[in-house]
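What follows is one structure encoded as structure tokens, with my remarks underneath.
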Amino acid sequence: MPEKPTLDGLEDRWARVWEDEGTYAFDRTATREQVYSVDTPPPTVSGSLHVGHVFSYTHTDIVARFQRMRGKHVFYPMGWDDNGLPTERRVQNFYGVRCEPSLPYDPDFTPPEKPGKQQVPISRKNFVELCETLTAEDEKAFEELWRRNGLSVDWSHGYQTIDARARAISQRAFLRNVERGQAYVSMAPTLWDVTFRTAVAQAELEDREHTGAWHRVAYHGSDADVFIETTRPELIPACVALIAHPDDERYQPLFGTTVRSPLFDVEVPVLAHPAAEMDRGAGIAMCCTFGDLTDVQWWRELDLPNRTVINRDGRLLRETPEWITSELGRQRYEELAGATVHTAKERIVALLTESGELVGDVRPVTRPVKFFEKGDKPLEIVSSRQWYIRNGGRDAAVRDEMIARGQELQWHPGYMRHRYEDWVRGLNGDWLVSRQRFFGVPVPVWYRLDADGEVLPDEVLTPADDALPVDPSTDVPAGFTVEQRDVPGGFTGDPDILDTWATSSLTPQIAGLWSIDDDLFSRVFPMDLRPQAHDIIRTWLFSTVLRSHLEHDTLPWAHAALSGWILDPDRKKMSKSKGNVVTPMGLLEEYGSDAVRYWAAGGRPGVDTAFDRGQMKVGRRLAMKLLNASKFILGVGVPAGEPDLTAVSMPLDRALLARLTEVVEKATTALDGYDYAVALEATEQFFWFFCDDYLELVKSRAYGEFDEAGRDSARATLAAALRVLQRLFAPVLPFVAEEVWSWWQEGSVHRAPWPDIHELATSAEADPQVLEVASDVIGSIRRAKSEQKLSIRTEVESLSVQAAPAALEALRAALADVRAAGRVRDVELVVSADGELVTTVGDPTG
RNA sequence: GGGCGCGUAGCUCAGCGGAAGAGCAACGGCCUUACAAGCCGUCGGUCGCAGGUUCGAAUCCUGCCGCGCCCA
């Protein structure tokens, strides 16, 4: 035990010991019943860790440490999410390269020293290698931070969402979905981001207010003009029908007739459909392929032709469409060909004005428009071939199964289930899993080519299971040769990759090495806990439940613990752009890891929490107090080994242990229910009381100033209480708890058994009142001294206590301790009629 | 527009049917043989507003107001 205990350096010292001794190593011989397994969220490595990460990962670690102390074999791996757009963009900028999947792999490629102005095109395999190089460096820094933060992770069970095993598992699960008909390929209108040039899934959408303008435009009927209002006049060449509500009397006479479009003079039908809103615009809408999702619905349900004019690059088709037949119409289209949506709109408005078919003023309007969450241009809808996984969006039976899974799952806090159910109920299509990007897990299929070299989308070639992972852009399907790639009669690789969530949704399988090490998998799956943030319930949580449901017909885990966010002092979600970035490492260094963990532990499950340095200071104080209190108690001289509770003979000591037993019970129940905050609060509150009142009361007796029995009773109580307290604090304050435990106990506190409510049982029944009254009276004495501005050491001439007989009886049992602690000479105990405890302190100076 | 959560002391938050709580801050003290990075004490609240249920409401119900998140 050091002379002057300090918190400095504890992190490095103990992190090293834990690593050397394998304190958190998972015992893979343990059976599933003995295991507690955690589906750790793999942090995205292409950024930097944020205070919010420290916050939520600490919550998980507290639970993991608690379960370990309860005797579970904790499977607590760490993964890295290095698969997806953020990494791709970072690599492009960092090395000045871009992925060109048609290029062959160059094994000798080295990236330019400095990124040049022109990005160097490289093969997908080379690109992926660069991603791996760059993310490996980030991962090292992340691991160092997590170790310093005290996460009790078994680092030998790490994974990357882009590593070969993860790719194999992701492709295998996908191919098995394909085999069972749970995944399918389909040519369909797809939400498309023109900036990223990729399809976007429902889960990646967000509505944003977007400014547009109503344009009143004339279509020409046989008798009269029909006026529609549109915010997207540039889609007039893509118009396939005008549509009004069946009950709309204004348009009923027109149903079944045709009109001719302005500028292009294309004939389109006027149709009825209930999705048309009578009170919106003119009440009659033009249906284009495709302006929005309602257009898609009309196109499907009314069996309309596809006249798409917008390309995947967000520009209008360069060739004039065949359905525009009039000479003037074709001339006008040529003025728009190849223009961006924005430019096309300007030109078409000019043309409409010129032709007189634009009526009245253009009226500005702000309305919600769909965006890719990472994009900054409104999404277009294009037709393309994509892969989907059935998720209940088009199948009521699957949807009901998914809702049932949500009800089976135990949510912490419980109300988070609503988010899940809302999402499942609101699904309106299957899960689009193919993405037109480069860095990710390739869609593991090829297609046959016909004699003209056209893709035969129904002739899907899949790899053998033992060939996984594959990259169809470089690997060749069985029965074909390299020379047959992209030639008529040969094959072509699917150029796409899988949605990042299609891999992340398999983290339990990846961490547990499903299909690679099935022995391990059977010991950890289904897992116990998925900890995660509440904003990705619709993506990560839902998709993981879905994949597990489809592959294993089970929930992936029994519990989901949702953590809140960290808010800055303005009650806004903390973000880098706000200029209040705090680096986690800086915090850990400034306050100490235990102190930061203490702050994190104060954030209730699911509750957004303010970033609060004050709480970190309090945490540091608590850690310091634990050092000092431990040093003091051990310095007084406590018996070695297991505390001998038969020596606990004094009523005050028994009452103390009884109260601590209640704390153990409360903390245990709370942690069993994932409420680390309540557990910490109960422990902490007791601990301060223990230090400030109990320690002060028994100090003299423990020193041996009275008799031997009293001394031994105090020492045994102190030892027993300290041993319990150090363990109660261990999950939240792992470093300081390990330090003080090491002063007098064998082994790691983190491998010690969690305190049991029976271990503090004494031979005789405890009277809690003894502790309460003694504490009250010593408080009164201190108050009297403080009010008279006297030293706490000042002797008190006389003390008079009025109370009910039972309270006086209780006080009598601890009177020697009270007198010693308060330095009281004479005491008078008076039975009071009303039972109220009144303490009168005689003039201490007298 | 729908769903969920939250409005309690200057601040951060507990409490969720039986006398309004903690920590921080503020203020006043105390060198006390573990800790002055400590300790003791004091001050501080119409529990968002309005109704209702109840012997009793911060707590349950209804309606408003405000904030946040999720989804349209």
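In what follows, chains are A, B, ... by sequence order, proteins preceding strands, each numbered from 1. The model shown is predicted, which means the values in this text are computed figures rather than measured ones.
- The nearest whole Å value for the distance from the CG atom in A/Asp535 to the C1' atom in B/C69 is 9 Å.
- Nucleotides B/A20 and B/G56, compared at atom P, are 15 Å apart to the nearest Å.
- At B/C13, none of the side-chain N or O atoms of A/Arg604 fall inside 4.0 Å of OP1 or OP2 (strictly under the cut-off).
- Comparing B/U46 with B/C27, their C1' atoms sit 26 Å apart, to the nearest whole Å.
- Rounded to whole Å, the C1' atom of B/C49 lies 24 Å from the corresponding atom of B/G2.
- Going from atom CG of A/Asp608 over to atom C1' of B/U12 covers 14 Å, rounded to whole Å.
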Assess the residue pair A/Arg425 and A/Glu421 against the criterion (salt bridge (charged side-chain N to carboxylate O under 4.0 Å, His left out)); give the C-alpha distance rounded to whole Å, side-chain angles, the decisive distance to 0.1 Å, and a yes or no.
CA-CA 6 Å; A/Arg425 294 209 168 90; A/Glu421 289 188 358; 3.5 Å; yes
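- OP1 or OP2 of B/C71 lies within a sub-4.0 Å distance of a side-chain N or O belonging to A/Arg538.
- With salt bridges taken as basic N to acidic carboxylate O contacts below 4.0 Å, none links A/Arg659 and A/Glu662.
- When the C1' atom is used for both B/C47 and B/A14, the distance is 13 Å, rounded to whole Å.
- The residue A/Glu696 sits close to a base: some heavy atom pair falls under 4.0 Å.
- Ring planes of A/Trp744 and A/Trp741: perpendicular class, angle over 60° (limits at 30 and 60°).
- When rounded to the nearest whole Å, the span between CD of A/Gln788 and P of B/G41 equals 15 Å.
- A/Tyr676 and A/His59 have parallel rings, their planes meeting at less than 30° on a 0 to 90° scale where 60° marks the start of perpendicular.
- Here the C1' atom of nucleotide B/C39 and the CG atom of A/Asp692 are 7 Å apart, to the nearest Å.
- If you measure from atom CD of A/Gln685 to atom P of B/G23, you get 9 Å, rounded to the nearest angstrom.
- Taking atom C1' on both B/G48 and B/A34, the two are 46 Å apart, rounded to the nearest angstrom.
- Taking the side chain of A/Ala610 as heavy atoms from C-beta on, and the options B/C13, B/C39, B/A34, the nearest nucleotide is B/C13.
- Mapping A/Glu209 and A/Ile633 onto RNA chain B by nearest heavy atom places A/Ile633 closer to the 5' end of the strand.
- Contacts of A/Trp688 with the nucleic acid, taken as non-hydrogen atoms under 4.0 Å apart, involve only primed sugar atoms and P, OP1 or OP2.
- For the P atoms, the distance from B/G23 to B/U42 is 12 Å, rounded to whole Å.
- Ring pair A/Phe55/A/Trp599: centre-to-centre distance below 6.0 Å.
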Check step by step if salt bridge (charged side-chain N to carboxylate O under 4.0 Å, His left out) holds for A/Arg232 and A/Glu380.
CA-CA 12 Å; A/Arg232 303 208 53 188; A/Glu380 295 295 343; 3.1 Å; yes
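- The CH2-P distance, from A/Trp423 to B/A72, rounds to 6 Å in whole Å.
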Run the salt bridge (charged side-chain N to carboxylate O under 4.0 Å, His left out) test on A/Glu797 and A/Arg825 for me, step by step, so that the C-alpha distance in whole Å, both residues' side-chain angles and the decisive distance to 0.1 Å come before the verdict.
CA-CA 5 Å; A/Glu797 190 71 19; A/Arg825 206 175 294 168; 3.3 Å; yes
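- Rounded to the nearest Å, the gap between the P atom of B/G7 and that of B/C61 is 14 Å.
- Classification of the A/His53-A/His50 ring pair by plane angle, with boundaries at 30° and 60°, yields perpendicular.
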Dot-bracket for RNA chain B, 5' to 3', Watson-Crick and G-U pairs with both distances under 3.5 Å, [ ] for crossing pairs, | for partner on another strand, reads ((((((((.[[[[.)..(..]]]].(((((.......))))).....[[[[[..)....]]]]]))))))).
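- When the P atom is compared between B/C71 and B/G10, the two are found 36 Å apart, to the nearest whole Å.
- Within the structure, every side-chain polar atom (N or O) of A/Tyr420 is placed at least 4.0 Å from both OP1 and OP2 of B/C71.
- No close placement of the A/His245 and A/His273 rings is indicated, their centers lying 6.0 Å or farther apart.
- On a pure distance criterion of 3.5 Å, no polar donor-acceptor pair joins the side chain of A/Ser791 and the base of B/G29.
- Protein atom CG of A/Asn628 is 14 Å distant from nucleotide atom P of B/U33, rounded to whole Å.
- Side-chain rings of A/Tyr420 and A/Trp411 approach one another, their centers coming within less than 6.0 Å.
- Among the protein residues, A/Leu695 comes within range of the nucleic acid bases, having at least one heavy atom under 4.0 Å from a base atom.
- Within the 4.0 Å cut-off from OP1 or OP2 of B/C39, at least one side-chain nitrogen or oxygen of A/Lys625 is found.
- In this structure, A/Tyr703 and A/Phe632 have perpendicular ring planes: the angle between them is above 60°, well past the 30° mark.
- Separating the CD atom of A/Glu684 from the C1' atom of B/C13 is a distance of 13 Å, rounded to the nearest angstrom.
- Ring geometry, A/Trp299 versus A/Phe290: the interplanar angle exceeds 60°, so the pair is classed perpendicular (tilted spans 30 to 60°).
- In the set B/A36, B/G23, B/A72, the nucleotide with an atom closest to the side chain of A/Asp207 is B/A72.
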Strictly under 4.0 angstrom, non-hydrogen atoms only: write out the protein contact profile of nucleotides 4-10 of chain B, one letter per nucleotide from the 5' end, B, S or -.
SS-----
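- The residue among A/Met624 and A/Val678 whose nearest nucleotide of RNA chain B is located toward the 5' end is A/Val678.
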